[in-house]
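This report concerns only the one structure given below.
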4 protein chains.
Amino acid sequence: MFILKPNSGIPIYRQIVEQVRRMVASGQLAPGTPLPSVRELALQHTVHHMTISKAYSQLEAEGLLERNRGKPMTVAAVRREQTGLQTRVRQIEPQAEALVLAAKQLQLSAADLSRLIKKKWEEDSNE
Amino acid sequence: MFILKPNSGIPIYRQIVEQVRRMVASGQLAPGTPLPSVRELALQHTVHHMTISKAYSQLEAEGLLERNRGKPMTVAAVRREQTGLQTRVRQIEPQAEALVLAAKQLQLSAADLSRLIKKKWEEDSNE
Amino acid sequence: MFILKPNSGIPIYRQIVEQVRRMVASGQLAPGTPLPSVRELALQHTVHHMTISKAYSQLEAEGLLERNRGKPMTVAAVRREQTGLQTRVRQIEPQAEALVLAAKQLQLSAADLSRLIKKKWEEDSNE
Amino acid sequence: MFILKPNSGIPIYRQIVEQVRRMVASGQLAPGTPLPSVRELALQHTVHHMTISKAYSQLEAEGLLERNRGKPMTVAAVRREQTGLQTRVRQIEPQAEALVLAAKQLQLSAADLSRLIKKKWEEDSNE
DNA sequence: GTGGTCTAGACCACA
DNA sequence: GTGGTCTAGACCACA
């Protein structure tokens with residue numbers, strides 16, 4: 001369900017938070033969908049269950065997930081604009097900016113950068 | 001000299017390390033160039049001198065900088081390949097991969113992503 | 001756990017680095033062994049925790065220790081040759097050379113020097 | 001005249017101080033002998049003259065050298081016991097102790113250590 | 001509980 | 001002038 005890279009430097013709980021946000025924004029997780037339980041995920045990814053729990057709590061605080069006594073958490077109802085193209089683009093703006101800045105500092109050309117992006121897009125980077 | 005974002009989540013000393021790496025790789029800092037002194041930079045960026053010192057030490061350990069007792073640190077001699085296009089591109093590959101992954105998870109198209117990159121490139125994002 | 005001499009002229013953090021290196025090389029610290037926590041050691045030796053942290057970070061950069069988020073650091077897997085007699089001897093070669101040079105400059109004889117070494121070996125010099 | 005290793009980690013001025021001490025203690029520098037001037041040494045070893053100057057001042061403070069207005073510094077008169085075997089041995093005791101400690105921490109045997117010492121003695125390590 | 005980062009500020013070593 | 005080391009102590013991130 002999630003793609004976790006433990007040694008990427010990005011805290012695991014944050015990786016989960018971001019992926020849920022993206023899946024909700026893109027409609028891959030529709031409102032009402034139940035999420036895997038904390039225990040289940042913790043086992044699957046061999047991660048401490050506090051880590052999952054923290055991610056879920058943060059998502060609940062953001063209003064993206066809903067807690068249901070005794071039952072699995074579910075995806076909350078989302079307002080329309082939360083799935084629009086603009087909203088989704090906005091989620092990766094800071095990352096895109098940082099990448100562009102780094103590329104400029106390395107004195108790469110715009111063409112170099114878009115060639116790199118294209119290459120990465122074509123490689124299936126899902127692991 | 002450096003662009004520091006204190007609230008970006010990335011430690012300040014690491015931001016400096018990365019920027020120096022890029023400036024050396026792109027030849028903006030040629031071998032032998034003296035770096036601004038630890039105290040000078042600290043004042044300029046209103047940061048503690050140990051923070052700068054930590055960055056410089058790490059760069060020395062990597063072999064990018066050289067310590068000169070009593071004098072400012074200087075850029076070490078770099079091997080030719082270290083400034084080649086390939087090496088420079090390699091420095092941002094992980095960032096590019098992460099961005100592509102995020103875009104895919106948001107179900108953006110390749111065209112959406114390259115439009116975003118182009119836009120950020122044109123905005124002067126140097127601050 | 002460590003023998004620290006604060007007034008020896010050798011920075012405390014470096015004394016720790018060297019001792020850990022030796023304990024790993026000699027197998028006294030086997031791969032996987034957890035190290036005492038930064039705070040614990042700091043208390044024990046009445047030293048600031050950053051001092052310990054600096055030593056541990058350097059050892060991590062060298063690949064001798066491994067960071068485990070939220071848990072104590074552990075000794076990394078070492079390659080076989082790293083514990084061989086030759087490797088261990090190599091670690092004190094520079095010190096031995098310097099001592100021999102000093103003895104010669106003092107016009108001591110080889111016998112004088114080895115008598116001194118023997119004496120120091122027999123005294124329990126572990127403090 | 002002096003054997004200086006700029007990258008040994010030991011400050012240059014200290015290397016000079018120690019070598020003069022040894023040469024005086026072993027009688028290689030007899031009382032009254034004039035020393036090379038600060039400038040001369042600085043040129044020879046391409047070292048800042050403050051460095052030499054600092055070493056000489058420290059040796060003067062210790063009473064080993066004497067300043068003579070307008071003329072080169074000279075070796076001071078030494079008391080008899082200052083050149084005895086015991087005194088000379090005492091000068092390398094701390095170094096010997098540190099070496100023995102390191103060897104023990106590396107779990108070398110007394111035999112391993114004396115073999116190493118012997119080897120280094122035979123190699124002419126005077127460079 | 002674990003480690004990491006940062007500041008304020010002292011004091012040292014070197015040129 | 002240069003950089004290095006250390007403490008006291010705050011606050012954060014992770015499990």
Side-chain angles (χ1 to χ4, degrees), chain A residues 6 9-16 38 42 46-55 58, chain B residues 4 6-16 34-42 45-60 65-74, chain C residues 4 6-16 34-43 45-60 65-74, chain D residues 6 9-17 38 42 46-55 58:
Chain A
I10 296 155
I12 294 170
Y13 88 95
R14 192 109 58 99
Q15 295 182 41
I16 297 171
V38 167
T46 54
V47 146
H48 200 287
H49 60 74
M50 287 277 290
T51 305
I52 312 282
S53 194
K54 182 166 180 180
Q58 184 164 332
Chain B
L4 300 182
N7 302 315
S8 69
I10 297 157
I12 297 169
Y13 83 93
R14 198 182 289 273
Q15 296 181 39
I16 297 172
L35 272 92
S37 89
V38 167
R39 256 74 176 185
E40 196 183 325
L41 266 189
H45 293 284
T46 52
V47 141
H48 192 74
H49 61 254
M50 265 194 69
T51 303
I52 310 283
S53 190
K54 192 169 177 178
Y56 278 13
S57 295
Q58 186 165 329
L59 288 160
E60 190 208 358
L65 298 187
E66 268 167 8
R67 190 186 303 283
N68 306 287
R69 312 247 267 207
K71 283 181 287 179
M73 297 187 79
T74 49
Chain C
L4 300 182
N7 303 314
S8 68
I10 298 158
I12 297 169
Y13 84 92
R14 197 182 290 273
Q15 296 180 41
I16 297 172
L35 272 92
S37 89
V38 167
R39 256 74 174 184
E40 196 183 325
L41 266 189
L43 273 176
H45 293 285
T46 53
V47 140
H48 191 74
H49 60 255
M50 263 194 71
T51 303
I52 310 284
S53 192
K54 192 169 177 178
Y56 278 13
S57 295
Q58 185 165 330
L59 288 161
E60 190 209 359
L65 298 186
E66 268 167 9
R67 188 187 305 282
N68 306 287
R69 311 246 268 205
K71 283 182 287 180
M73 297 187 80
T74 49
Chain D
I10 297 155
I12 294 170
Y13 87 96
R14 193 111 56 101
Q15 296 183 39
I16 296 171
V17 167
V38 166
T46 54
V47 146
H48 200 287
H49 61 74
M50 287 278 289
T51 306
I52 312 281
S53 193
K54 183 167 180 181
Q58 184 165 332

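Naming convention: chains lettered A, B, ... in sequence-line order (proteins, then strands); numbering from 1 in each chain.
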Out of curiosity, [X] [atom1] to [Y] [atom2], how far, rounded to the nearest 0.5 Å?
{"X": "B:Leu59", "Y": "B:Ile16", "atom1": "CG", "atom2": "CD1", "answer": "9.0 Å"}
{"X": "C:His49", "Y": "C:Leu43", "atom1": "NE2", "atom2": "CG", "answer": "10.5 Å"}
{"X": "B:Ile12", "Y": "B:His48", "atom1": "CD1", "atom2": "NE2", "answer": "12.0 Å"}

In whole angstrom, give the distance that lies between atom [atom1] of [X] and atom [atom2] of [N].
{"X": "C:Asn7", "N": "F:dT5", "atom1": "CG", "atom2": "P", "value": "16 Å"}
{"X": "B:Tyr56", "N": "F:dT2", "atom1": "OH", "atom2": "P", "value": "11 Å"}
{"X": "A:Gln58", "N": "F:dA13", "atom1": "CD", "atom2": "P", "value": "10 Å"}
{"X": "B:Leu35", "N": "F:dG1", "atom1": "CG", "atom2": "C1'", "value": "17 Å"}
{"X": "C:Asn68", "N": "E:dT2", "atom1": "CG", "atom2": "C1'", "value": "10 Å"}
{"X": "B:Glu66", "N": "F:dG3", "atom1": "CD", "atom2": "P", "value": "15 Å"}
{"X": "B:Glu40", "N": "F:dG1", "atom1": "CD", "atom2": "P", "value": "11 Å"}
{"X": "B:Ile52", "N": "F:dG3", "atom1": "CD1", "atom2": "C1'", "value": "13 Å"}

>> For C:Met73, give me all partners under side chain to side chain contact (heavy atoms under 4.5 Å, CB included), at least two apart in sequence or on another chain.
In response: C:Tyr56, C:Glu60, C:Leu65, C:Arg67
Excluding sequence neighbours, so at least two apart, what forms side-chain hydrogen bond (donor to acceptor under 3.5 Å, both in side chains) with [X]?
{"X": "A:Gln58", "answer": "none"}
{"X": "B:Thr74", "answer": "B:Asn68"}
{"X": "D:Ser53", "answer": "none"}

> For B:Ser8 and B:Gln15, which heavy atoms make the closest approach, and how far apart are they?
Replying inline: OG-NE2, 3.2 Å
> Which heavy atom of B:Ile52 sits nearest a heavy atom of B:Val38, and at what distance?
Replying inline: CG1-O, 3.9 Å
> Starting at the 5' end of DNA chain F and moving along, which residue's nearest nucleotide shows up first, C:Gly70 or B:Ser53?
Replying inline: B:Ser53
> Where along nucleotides 6-12 of chain F does protein come under 4.0 Å, by heavy atom, of base (B) or sugar-phosphate alone (S), with - for untouched nucleotides?
Replying inline: BBBBBB-
> Under 4.0 Å between a side-chain N or O of B:Ser37 and OP1 or OP2 of F:dG1?
Replying inline: no
> Under a 3.5 Å cut-off on both pairing distances, which runs of 3 or more consecutive Watson-Crick or G-U pairs involve DNA chain F?
Replying inline: E:1-14 with F:1-14
